[in-house]
Amino acid sequence: MSFSSSPRLPSGPRRRSLLASAAGAALLVGCTGGPGSGGKEDDPPAADRARARAARDSEGLAGRYATVMAAHPGLAERLRPLHAEVVRHAEAFGAVPSASPEASGPPEASPSVSARAAGPGDGSGAVPTTEKDALALLAAAERELADRRAEALLEVPGELARLLASVTAAGAAHVYLLTEADG
């Protein structure tokens, strides 16, 4: 008697592989460089520039989330935790925190980091008309930002590299949640 395999093969990366790769990246970054190792530790202005860029990038991404939630209120419940996490990432990189979005209602009602970033600097500003396309837009933005940050890991000193690795792993998880999860 033969055993039949599952009739449906799942597409995309598995949750365990995402977590394993994120943990591996964090371990590699955590084991490299340190005080006195020379090189990148001696260039604080470059680290400051990288931190400021990461904060601006997170603010821009938070702005995209806020714009999509305003255009598609049906997605707000699903996107609100991801948006809040992106805002926390911006603050971790040094963006100035503002009124708590959780306390003041929907993101368009508060002058938060995301509201400042939703201006003309974050792309075309156009939100797709369907919810599925809007989620795909956010997933593409998360993926592009995570890829850029993964490349930047080699150019920044230890503590900032660890923070970038952590936020990059969170971005990869957001891509998964936006594309694979049933919500």
Side-chain angles (χ1 to χ4, degrees), residues 13 18-19 21-23 25-26 28-30 32-33 40-41 43-72 75-76 78-102 107-108 110-128 133-179:
L18 281 173
L19 293 175
S21 64
L28 285 175
V29 171
T32 60
K40 297 173 185 92
E41 294 289 336
D43 194 9
D48 292 344
R49 286 190 305 273
R51 184 179 293 274
R53 177 176 177 157
R56 281 191 312 272
D57 289 344
S58 289
E59 287 177 325
L61 184 58
R64 285 187 180 211
Y65 271 97
T67 303
V68 168
M69 287 190 292
H72 298 285
L75 293 174
R78 179 177 179 182
L79 296 179
R80 195 171 292 118
L82 301 177
H83 173 259
E85 194 168 310
V86 171
V87 170
R88 284 191 298 274
H89 294 161
E91 292 170 357
F93 286 120
V96 179
S98 59
S100 170
E102 292 84 14
E108 63 272 9
S110 70
S112 66
V113 168
S114 62
R116 289 194 308 269
D122 83 324
S124 67
V127 176
D133 289 344
L135 290 174
L137 173 83
L138 288 175
E142 285 272 15
R143 186 178 297 114
E144 187 268 333
L145 185 53
D147 290 346
R148 262 201 343 254
R149 285 178 171 163
E151 290 175 15
L153 284 174
L154 302 174
E155 306 299 323
V156 296
E159 196 59 38
L160 180 55
R162 285 185 278 281
L163 178 58
L164 267 176
S166 176
V167 172
T168 299
H174 288 186
V175 170
Y176 172 79
L177 292 171
L178 291 166
T179 59

On a heavy-atom basis, which atom in A165 and which in L153 lie closest, and how many Å separate them?
N-CD2, 3.5 Å

Hits for side-chain hydrogen bond (donor to acceptor under 3.5 Å, both in side chains) against R149, two or more places apart or cross-chain, chain-then-number order -> S58

Partners passing salt bridge (charged side-chain N to carboxylate O under 4.0 Å, His left out) against R148 (at least two apart in sequence or in another chain):
D57, E144

H72 versus P128, closest heavy-atom pair with distance
NE2-O, 2.8 Å

In terms of heavy-atom contacts, R51 and A92 come closest through NH1-O, 3.5 Å

Just to verify, what does L135 make a side chain to side chain contact (heavy atoms under 4.5 Å, CB included) with, not counting sequence neighbours?
L75, R78, L79, L178

Could you work out, with side-chain hydrogen bond (donor to acceptor under 3.5 Å, both in side chains) as the rule, every residue matching H174, not counting sequence neighbours?
E85, E142

Let me confirm one number: the CD-CZ distance from E59 to R56, rounded to the nearest 0.5 Å.
8.5 Å

Which pair of non-hydrogen atoms, one from A54 and one from L164, has the smallest distance, and what is that distance?
CB-CD2, 4.4 Å

Once side chain to side chain contact (heavy atoms under 4.5 Å, CB included) is applied, do any residues pair with D147, and if so which ones, sequence neighbours excluded?
R143

Which pair of non-hydrogen atoms, one from V156 and one from A50, has the smallest distance, and what is that distance?
CG1-CB, 3.6 Å

Correct closest heavy-atom pair for L137 and A126 would be CD2-O, 4.3 Å

Can you name the residues that form a side chain to side chain contact (heavy atoms under 4.5 Å, CB included) with A146, not counting sequence neighbours?
T168

